[in-house]
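Lettering follows sequence order; numbering is per chain, from 1.
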Amino acid sequence: MNRKYLYPILIILVTVVLYYGDEYVDKLNSPANKTLSNPERSGAEFNDTFLPASTTGEIVKHNFYTLSYSEEHEQAEWVAYELKKSDLSKSEFERPYFIEDKKVETRSADWRNYKNSGYDRGHLCPAGDRRMSFEAYNETFLTSNISPQDHDFNAGIWNRLEQKVRYWARKYDGVYVVTGGVLKGDLNTIGHENVSVPNKFYKIVVDFLDENYKAIAFLIPNKPSPESYFEYAVSIDEIEDATGIDFFPQLPDSIENEMEQTINLKVWGKK
DNA sequence: CTGAGTAGC
DNA sequence: GCTACTCAG
């Protein structure tokens with residue numbers, strides 16, 4: 001057989017085995033042996049309680065993450081997803097092409113806006129967080145999930161933060177993540193569709209392992225930085241002020257208020 | 001891991 | 001317009 005066809009088929013086969021193999025193992029282990037300590041706190045219904053409010057009214061639910069799209073800025077104002085410990089498999093997939101998100105009614109930006117713009121097509125929900133299946137990985141390559149990022153920012157401090165989030169997901173047996181660019185003020189644009197270039201990006205990470213939810217948030221300039229992301233840690237309230245987004249409206253007020261005001265870096269491992 | 005640009009059908 | 005290949009931090 002031609003090698004051109006053999007390789008993709010092998011990838012698909014391996015993927016199917018990995019994907020359904022995990023489901024099979026889960027079935028064997030369930031419900032007597034629960035490897036996750038908080039399985040009842042997972043799934044779509046639970047995730048909905050962490051969804052931010054949309055300022056645009058255009059929420060799009062994908063299978064592996066949810067976003068709120070801003071047609072004005074031609075990108076998501078937030079992308080939200082649960083990153084489970086079990087999501088962190090090491091399957092390797094070939095990077096696909098970015099394609100339009102057909103679930104966005106106003107059409108998401110064409111990838112060509114980014115070509116020769118000087119900016120990366122920076123993932124909001126990282127491809128590295130969705131390697132549990134071929135479908136999940138590919139779903140991150142929708143243009144509704146990218147934002148113009150300075151390359152050295154994306155490959156540098158932002159990438160280091162994303163890897164830390166994966167570490168926290170392993171340590172805390174899953175975290176909830178909300179991330180996006182700050183779409184406010186006078187922003188430069190790129191491409192024929194005028195995709196806004198955020199000056200800052202934010203990321204909020206919630207550990208919901210026990211009843212005492214705790215969160216950490218970051219607001220980082222869209223430029224190279226040799227510093228630690230901890231230098232850019234802020235409260236969720238500060239991100240709400242900067243973006244105008246209400247992040248956890250569905251949580252009980254007492255939990256929301258406490259979580260959004262607090263900055264406790266030591267419990268997140270800052271030395 | 002995070003990405004880019006170019007050549008060719 | 002899409003795929004394959006090469007390359008960088």
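Residues A:S68 and A:E58 are not in side-chain contact: their nearest non-hydrogen atoms beyond the backbone lie 4.5 Å or more apart.
Nucleotides of DNA chain B lying under 4.0 Å from heavy atoms of chain A occupy a range whose first and last members, 5' to 3', are B:dC1 to B:dG5.
Comparing A:G118 and A:G128 along DNA chain B, the residue whose closest nucleotide (by nearest heavy atom) sits nearer the 5' end is A:G128.
Classified by interplanar angle (parallel below 30°, tilted 30° to 60°, perpendicular above 60°), the ring pair A:F50/A:Y213 is tilted.
Rounded to an integer number of Å, the gap from A:Y97 OH to C:dA4 C1' is 11 Å.
DNA chain B is contacted by A:H151, A:N154, A:A155, A:N159, A:E162 of residues 146-162 of chain A, taking any non-hydrogen atom closer than 4.0 Å.
Closest heavy-atom contact between A:V177 and A:V165: CG2-CG1, 3.8 Å.
Looking only at atom types and distance, the side chain of A:S144 has a donor-acceptor partner in the side chain of A:D101 under 3.5 Å away. With hydrogens and angles left out, the side-chain atoms of A:D129 and A:Y81 include a donor and acceptor closer than 3.5 Å.
The only option from A:W78, A:F247, A:W158, A:Y232 that meets the ring pair (Phe, Tyr, Trp, His ring centres under 6.0 Å) definition with A:Y202 turns out to be A:F247.
In this structure, A:D110 pairs ionically with A:R112, as a charged nitrogen and a carboxylate oxygen lie closer than 4.0 Å. A:E100 has a carboxylate O that lies under 4.0 Å from a charged side-chain N of A:R107, or vice versa, which qualifies the two as a salt bridge.
OP1 or OP2 of C:dT3 has not a single side-chain nitrogen or oxygen of A:R95 nearer than 4.0 Å.
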